[in-house]
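Not measured: the values here are computed from a predicted model.
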Amino acid sequence: MTAETQRIIDLQLELWNTGSPEIAKQLYGEHAERTDPNGRDPIRHRGVHQIANFVAEVRTAFPDFKLQLKESVGEGDHIAFHWTITGTHKGEFQGIPASGQRSKSAG
């Protein structure tokens with residue numbers, strides 16, 4: 001894995017674990033697209049501001065949100081992760097009221 005690939009991985013971790021819009025600016029440009037396949041319909045975010053806002057929405061609803069990477073593979077211009085996320089649902093998220101429940105998901 002190249003140093004640049006590792007830098008991108010580290011920045012992704014930092015973005016999701018801190019919610020920093022400044023980190024989002026280091027990762028994404030105005031023409032970037034991010035698709036989240038979870039939920040009823042896929043959620044598409046375009047540009048650094050929409051992506052940063054989505055991360056902020058997640059971290060507002062799950063203030064103790066934590067992304068952990070179990071494994072990462074980089075080849076060419078592609079990076080794949082095996083990840084686990086945890087958090088407590090303390091705020092509304094995508095129209096779902098806070099449940100107070102702790103959740104864990106992997107992918």
Worksheet item: Atom CD of Gln68 and atom CG of Asn17: how far apart are they, to the nearest 0.5 Å?
Response: 8.0 Å
Practice prompt. Could you list all the salt bridge (charged side-chain N to carboxylate O under 4.0 Å, His left out) pairs where at least one residue sits in residues 2-26, not counting sequence neighbours?
Written response: Glu4-Arg7, Glu22-Lys25
Worksheet item: Which atoms form the tightest heavy-atom contact between His82 and Gly107, and what is the distance?
Response: CD2-O, 3.1 Å
Worksheet item: Any side-chain heavy-atom pair from Thr18 and Phe65 closer than 4.5 angstrom?
Response: no
Worksheet item: Do Thr2 and Thr5 have side chains that get closer than 4.5 Å, going by heavy atoms?
Response: yes
Item to complete: Dump the intermediate steps for side-chain contact (heavy atoms from CB on, under 4.5 Å) on His49 and Glu30, then the final yes or no.
Response: CA-CA 8 Å; His49 298 292; Glu30 286 307 314; 3.5 Å; yes
Worksheet entry | From Ser72 atom OG to Gln6 atom CD, the distance as rounded to the nearest 0.5 Å | 6.0 Å
Worksheet item: So do the side chains of Lys66 and Ile85 get within less than 4.5 Å of each other, counting heavy atoms only?
Response: no
Worksheet entry | Criterion side-chain contact (heavy atoms from CB on, under 4.5 Å) on Gln12 and Leu27, from CA distance to verdict | CA-CA 8 Å; Gln12 282 289 344; Leu27 282 165; 3.7 Å; yes
Item to complete: Any salt bridge (charged side-chain N to carboxylate O under 4.0 Å, His left out) involving residues 93-107? Give me the pairs, sequence neighbours left out, ordered by first then second residue.
Response: Asp64-Arg102
Worksheet item: Is any side-chain heavy atom of Leu67 closer than 4.5 Å to a side-chain heavy atom of Trp83?
Response: yes
Worksheet item: Any side-chain heavy-atom pair from Arg46 and Ile51 closer than 4.5 angstrom?
Response: no
Fill in: Nearest-0.5 Å distance that lies between atom CD in Gln26 and atom OG in Ser20
7.5 Å
Discussion item. Measuring from atom CG of Leu11 to atom OH of Tyr28, what distance do you get when rounded to the nearest 0.5 angstrom?
Written reply: 10.0 Å
Discussion item. Could you report the tightest heavy-atom contact between Ala98 and Lys90, atom names first, then the distance?
Written reply: CB-C, 3.3 Å
Worksheet item: Hey, are the side chains of Thr88 and Gln101 touching, using non-hydrogen atoms and a 4.5 Å cut-off?
Response: no
Worksheet item: Stepwise, does the side-chain contact (heavy atoms from CB on, under 4.5 Å) test hold for Phe81 with Ile9?
Response: CA-CA 9 Å; Phe81 304 110; Ile9 291 167; 3.6 Å; yes
Item to complete: For the pair His89 and Phe62, evaluate side-chain contact (heavy atoms from CB on, under 4.5 Å) and give the outcome as yes or no after the intermediate values.
Response: CA-CA 5 Å; His89 189 195; Phe62 298 86; 3.5 Å; yes
Item to complete: Find out if a path of hydrophobic residues (ILVMFWY) with successive side-chain heavy-atom gaps under 4.5 Å connects Leu69 to Val73.
Response: no
Worksheet item: Taking the six-membered ring for Trp, are Trp16 and Phe54 parallel (under 30°), tilted (30 to 60°) or perpendicular (over 60°)?
Response: perpendicular
